[in-house]
Number of protein chains: 2
Amino acid sequence: MSKNCRFAVAVHTCALLGMEDGQPLTSEWIAGSVNTNPVVIRRILSALAKAELVTSIRGSNGGSLLAKAPEHITLLDIQRAVDDDDTPALHNQPPNQKCPVGRGIQPVLRRVLDRAEAAREAVLATTLLAEVIGNIRACQ
Amino acid sequence: MSKNCRFAVAVHTCALLGMEDGQPLTSEWIAGSVNTNPVVIRRILSALAKAELVTSIRGSNGGSLLAKAPEHITLLDIQRAVDDDDTPALHNQPPNQKCPVGRGIQPVLRRVLDRAEAAREAVLATTLLAEVIGNIRACQ
DNA sequence: TCCTTTGTAATGGTTGTTATTACGGTTACA
DNA sequence: TGTAACCGTAATAACAACCATTACAAAGGA
């Protein structure tokens, strides 16, 4: 479980954009809904734009729009856009290579953790932004 | 993906204990294999003991032992023992409740993330410490 | 030209993690 | 009955990640 809230803010942002279809929203407006600073939103939007999930219009009357229909954006797309998935080192210092366990533990653990992470991502990959928007609408 | 290495150190420690069956290992010895400070190991062992996965013998000739056979310890047991699973708040500040999305986003997201986390834990729950030890032995 | 808006750099505060020192309690053994 | 070898845990410092905020350059409409 990641320790930052970029993913939550990114999904929140995309849901707003998806519900106001075609209407560009400013970072300040989005920040008002998320309850944070507009610059935080712009950083998230910048990451989403690099992944080609949103586009931005600069200047007066500008703002951001979804680049794809919510039916074509998965939560995994969003997660990959905003969370650097550089898998952190298992151990902080490399373990003692003179010990059989020290030598063998890392590849073994890595394999298991990769399988576990793949299972987690499979759930996100099958959840569409459109479903999230539908659920939000349903609980009003 | 968690950002600390407690889980890796805990599995490493349990694998050592499981391979030296019956022989108590000192925190200093384990620290030599993990390549860290003995106090770090003792903290991990303390958490593992609270979860009744290991026992410790104090005093001279003391050390730690597995409390169960490696066939009866899953990686999920170990993870739960050393990682506080207090699910962090999705948003840092609660979102704006006057906005429909701000009101609805958190329960919806929480549900999806709980499902994703359950899928991840299912993999850890079906991986036994005994398998890890077997894999380490196999790649010597 | 002026105003609005994005894009991004720089900075400070907060929090989580690891390493390390220190010290008290426990136990085997001479 | 000492003493040495252990564990258990508190305290602290160093370090990194993250977020909020200020600041400012660049873009674009009126």
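Below, chain A is the first sequence line, B the second, and so on; all start at residue 1. Worth saying up front: this structure is predicted, and the values here are computed from it rather than measured.
Checking C:dG16, D:dA30, D:dC19 against every side-chain atom of A:Val40, the shortest atom distance belongs to D:dC19. Side-chain proximity of B:Asn37 to D:dA26, D:dC7, C:dA19: nearest is C:dA19. Counting only heavy atoms from C-beta on, B:Val39 has its side chain closest to D:dA10 among C:dT6, D:dA10, D:dG29. Among the nucleotides D:dG8, D:dC19, C:dC29, the one closest to any side-chain atom of B:Ser56 is D:dG8. Picking from D:dA20, C:dT6, D:dG8 the nucleotide with the shortest atom distance to the side chain of A:Thr26 gives C:dT6. Side-chain atoms of B:Arg42 lie closest to D:dG8 of the nucleotides D:dG8, D:dT21, D:dC18.
B:Leu45 comes within 4.0 angstrom of no nucleic acid atom, judged by non-hydrogen atoms across all strands. Among the protein residues, A:Thr36 comes within range of the sugar-phosphate backbone only, with heavy atoms under 4.0 Å from sugar or phosphate atoms but none that close to a base.
Each of B:Gly59 and A:Asn35 was assigned the nucleotide of DNA chain D with the nearest heavy atom; the assignment lying further toward the 5' end belongs to B:Gly59. If you find the closest nucleotide of DNA chain D to B:Arg43 and to A:Asn4, the one lying nearer the 5' end belongs to B:Arg43.
The CD1 atom of B:Ile30 sits 12 Å away from the C1' atom of D:dC7 (whole-angstrom rounding). Rounded to whole Å, atom P of D:dA20 lies 15 Å from atom CD of A:Glu28. Rounded to whole Å, atom P of C:dT18 lies 12 Å from atom NE2 of A:His91. Rounded to an integer number of Å, the gap from A:Phe7 CZ to D:dC19 P is 14 Å. Across the protein-nucleic acid pair, A:Ile41 atom CD1 and D:dT22 atom P stand 16 Å apart, rounded to whole Å. Here the C1' atom of nucleotide D:dC18 and the CG atom of B:Asn92 are 8 Å apart, to the nearest Å. What separates CD1 of A:Ile44 from P of D:dC18 is a distance of 11 Å, to the nearest Å. One atom, CH2 of B:Trp29, and another, P of D:dC7, lie 13 Å apart when rounded to the nearest Å.
Under 4.0 angstrom from either OP1 or OP2 of C:dT8 there lies at least one side-chain N or O belonging to A:Ser46. OP1 and OP2 of D:dA30 both lie 4.0 Å or more from every side-chain N or O belonging to A:Ser60. Using a 4.0 Å cut-off, some side-chain N or O of A:Arg6 falls inside it from OP1 or OP2 of D:dC19. A:Lys3 has a side-chain polar atom (N or O) that falls below the 4.0 Å cut-off from OP1 or OP2 of C:dT17. Side-chain nitrogen and oxygen atoms of B:Asn61 include at least one within less than 4.0 Å of the OP1 or OP2 phosphate oxygen of C:dC29.
Side-chain atoms of B:Arg58 stay outside donor-acceptor range of the base of C:dT26, with no qualifying N/O pair under 3.5 Å.
Here CD1 of B:Ile105 is found 6.0 Å from NE2 of B:His91. Values are rounded to the nearest 0.5 Å.
Closest non-hydrogen pair, A:His72 versus A:Asp77, comes out as O-OD2, 4.0 Å. Annotation for B:Lys68 and B:Glu52: closest pair CE-O, 3.8 Å, computed over non-hydrogen atoms. Of all heavy-atom pairs spanning A:Gln23 and A:Leu65, the tightest one is C-CD2, 3.6 Å.
By the 4.5 Å heavy-atom criterion applied to side chains, A:Val132 and A:Leu75 are counted as neighbours.
Salt bridge B:Glu121/A:Arg120: absent, no basic N to carboxylate O contact under 4.0 Å.
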